[in-house]
Number of protein chains: 2
Amino acid sequence: MTTMVKVAKLAGVSISTVSHVLNGTRHVNDDTRQRVLKAIEETSYRQDALARAMRRSRTDSIGLIVSDGGEPAFAEMIRGVEQTAASQGITLLLANSAEDPQREARAVQALLERRVDGLILARAAGSGPNALAEFANQDTPLVLMDRLSEDPFDQVGVENRGPIMELVEHLVAQGHQRILLIAGDTRVATLRERHEAFQEAMTTAGVPEADRLTVLAAEPEETDAGIAAALSGTKLPTAVIACSTVLAAAALRHIQKRGLRMPEDIAFAAFDGFAYADLFEPQLTTVRQPAFQVGATAAELLTKRIADKSVEPSVVRLAPTIEYRASTGAGPGSGS
Amino acid sequence: MTTMVKVAKLAGVSISTVSHVLNGTRHVNDDTRQRVLKAIEETSYRQDALARAMRRSRTDSIGLIVSDGGEPAFAEMIRGVEQTAASQGITLLLANSAEDPQREARAVQALLERRVDGLILARAAGSGPNALAEFANQDTPLVLMDRLSEDPFDQVGVENRGPIMELVEHLVAQGHQRILLIAGDTRVATLRERHEAFQEAMTTAGVPEADRLTVLAAEPEETDAGIAAALSGTKLPTAVIACSTVLAAAALRHIQKRGLRMPEDIAFAAFDGFAYADLFEPQLTTVRQPAFQVGATAAELLTKRIADKSVEPSVVRLAPTIEYRASTGAGPGSGS
DNA sequence: CTGAAAGCGCTTACAG
DNA sequence: CTGAAAGCGCTTACAG
């Protein structure tokens, strides 16, 4: 590999000058600069980011740990982070915890060893508070993404309560009382918030406790069994709200299996639905998250904090939009 | 930050010994080792991967550049690469070219500057051969993913010809002659291969030229217009094959808009369909790619080559599976 | 069994 | 306007 020494020799200057030409950090005579540039060209020299990072103690890279890279919403967030980072000359190191706190912890270590300038974390479902404790006593900035907490870090996610409340009102206004909320693993902050909002909204709407149906379970199998049970009794719910794409898919499979028609037999809405939700028959009412924007904002918060560690942490909640469609009785195309 | 010097002082040994304890690179007396371990614990020392990488000239990191992180298939490939890399203690640097050759070129440079041990590349649509020329004269290994070429590199993708031919035979056997292939941008190797296979299969099946309909176009808008035109004439195709998720979505929208029923009015099949294709009504015949496996294999080929650069490049084609469903007349659940 | 020292490829005061 | 030299935090022959 070509190093600065070779370039410097060829150009007849010191490596200091090469470095300064490269980084524009001090004035260099025009003819000297030309010689250096020519030497760089001829040797096809490429700067060594490692050595540079070590000297500057700054890597111009950030780490991102997602809990499930397979979910479309996370895939979009990853894109948002990557694009924003790339536009600032920052490289992205990506890790996937697959909802496993141990893998999450290992990923955090690996990224810190790599001296990322900062870290964006969408926490795994079972990740305890100690995972974050590490960052309190340390100067690598941390931004929490999607799954927020009470801890004093920069955070960005979506508004979960509002859309659920609006959805419940919408359903109740149409005469629904017996509504099933599928929330799955409420250790996940987003799902917990959606569940809480559901209970509150149902109370506000005056729906009796007995009609507030929920499926809460940490394991996918349990959740699936819960949905099956909820959809097979004699007193079926008249409406279903699924709190994530995976949960919506599970619910729809059971609805299909039981031969229930939407919305005639059962109304259906999902938080963060499907990539091409408009192609479903009937079209599904969906709470659409600005996932790309969540990722982009996370990257922005992080680079801001890297630039200035003294500012107060800020918590950003982006607003999803509800797209009302036929599955809850609204005609297709009557979106909010 | 704690460095080895601090640990060595506290343990009363040299930094050599600390290094050897950390890496297990030579025997260290048990009590000495204990002292070192204790000092590491007390100082909460963390190895600096940068300094280590610089000394060893090996970063234990690989780069991945995808052409469209938003497509579900790529999201899966990313997961496959990440998981395989992580299991070997290798960190993933991710970049997204967004089908832009310039961004791709910048990403390649950024990753090489970071001295990744190797690179996995799913090329952007318009990426010329010069993008690869760089790697021929250089010792950073390159693996081509998904979008393959004739160049002498390790490559992994899926078998594109077989499934398309099978699909055409299937349709022709059902009496279809006038079949529309939506292939979009055939600068993309996968789409080009699918288009070629279509033409061949139609020839083999004895379908007259006039009934072989295609939509080929570099720009999404053109493609969309092409689909609209193909579906609005007086002589409509009786079957449609879409060559990617995005193209399938565009086609389905036009089919819906025209009020065509599947499969009665028009049969429909897609290469690499939708995440939850089983939830569509009617259920869609889909060529399902082993995308995660493609990513995992790419990472494996790369680490093998990093370990031994002398072996001959290998080209791996993984086999997709065709899931026949109602949209081509097969009853749901009668998958291949 | 362990230590002293060179060196990976840069940046950046310091000096002229 | 430019150069000589220290040092970022490690690994690894070399020596004992």
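Since we're looking at a predicted model, the values are computed, not measured. Chain identifiers are assigned alphabetically (A, B, ...) following the order of the sequence lines, protein sequences preceding nucleic acid strands; residue numbering begins at 1 within each chain.
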Q) Just checking B:V5: base, sugar-phosphate only, or nothing, at a heavy-atom cut-off of under 4.0 Å? A) nothing
Q) If you measure from the Lys or Arg side-chain nitrogens to the Asp or Glu carboxylate oxygens, is any gap between B:K6 and B:E42 under 4.0 Å? A) no
Q) Are a donor atom and an acceptor atom from the side chains of B:R123 and B:S67 found within less than 3.5 Å of each other? A) no
Q | Between P of C:dA4 and CD1 of B:I15, the distance in whole Å | A | 10 Å
Q: Dot-bracket for DNA chain C, please, read 5' to 3', with Watson-Crick or G-U wobble pairs under 3.5 Å on both distances, ( ) within the strand, [ ] crossing, | other strand, . unpaired.
A: |||.||||||||.|||
Q) Can you tell me how far C1' of C:dG9 sits from NZ of A:K6, to the nearest Å? A) 14 Å
Q | Close approaches to DNA chain C from residues 16-26 of chain B, in residue order (heavy atom, under 4.0 Å) | A | B:S16, B:T17, B:R26
Q: Take atom CD of B:E113 and atom P of C:dC10, then tell me their distance rounded to the nearest Å.
A: 10 Å
Q. Any donor and acceptor pair, going by atom type alone, linking the side chain of A:D68 with main-chain N or O of A:G70 inside 3.5 Å?
A. yes
Q | Check ion pair A:E99-A:R187 (N to O, under 4.0 angstrom) | A | no
Q | Ion pair check, A:R115 and B:D48, cut-off under 4.0 Å | A | yes
(Q) Can you tell me if A:T32 touches the phosphate of D:dT2, counting only side-chain N or O atoms and a distance under 4.0 Å to OP1 or OP2? (A) yes
Q. So does B:R58 pair up with B:D60, basic N to acidic O under 4.0 Å?
A. yes
Q.
How many whole angstroms separate atom CE of B:M4 from atom C1' of C:dG3?
A. 14 Å
Q. Will you find, in the side chains of B:E134 and B:Q109, an N or O donor that is under 3.5 Å from an N or O acceptor?
A. yes
Q | Whole-Å gap separating P (D:dT2) and NE2 (A:H27) | A | 7 Å
**Q.** Sidechain N-carboxylate O distance under 4.0 Å for B:E76, B:R79
**A.** yes
**Q.** Closest contact, heavy atoms only, B:I306 versus B:G118
**A.** CD1-N, 4.1 Å
Q: Rounded to the nearest angstrom, tell me the gap between atom CZ in B:R114 and atom P in C:dG9.
A: 18 Å
Q) What is the minimum heavy-atom distance between A:I65 and A:A107, and which atoms define it? A) CD1-CB, 3.7 Å
**Q.** Whole-Å distance separating the CZ atom of A:R58 from the P atom of C:dT11
**A.** 14 Å
Q. Is there a side-chain polar atom (N or O) of B:S14 under 4.0 Å from OP1 or OP2 of C:dG3?
A. yes
Q) Which of residues 41-57 of chain A sit near DNA chain D, with a heavy atom under 4.0 Å from it? A) A:M54, A:R55
Q: Kindly indicate, with the supporting measurements, whether the criterion side-chain contact (heavy atoms from CB on, under 4.5 Å) is fulfilled by A:R305 and A:V143.
A: CA-CA 9 Å; A:R305 176 154 303 278; A:V143 171; 5.8 Å; no
Q | Which nucleotide in D:dC10, C:dG9, D:dG3 has an atom nearest any side-chain atom of B:R115 | A | C:dG9
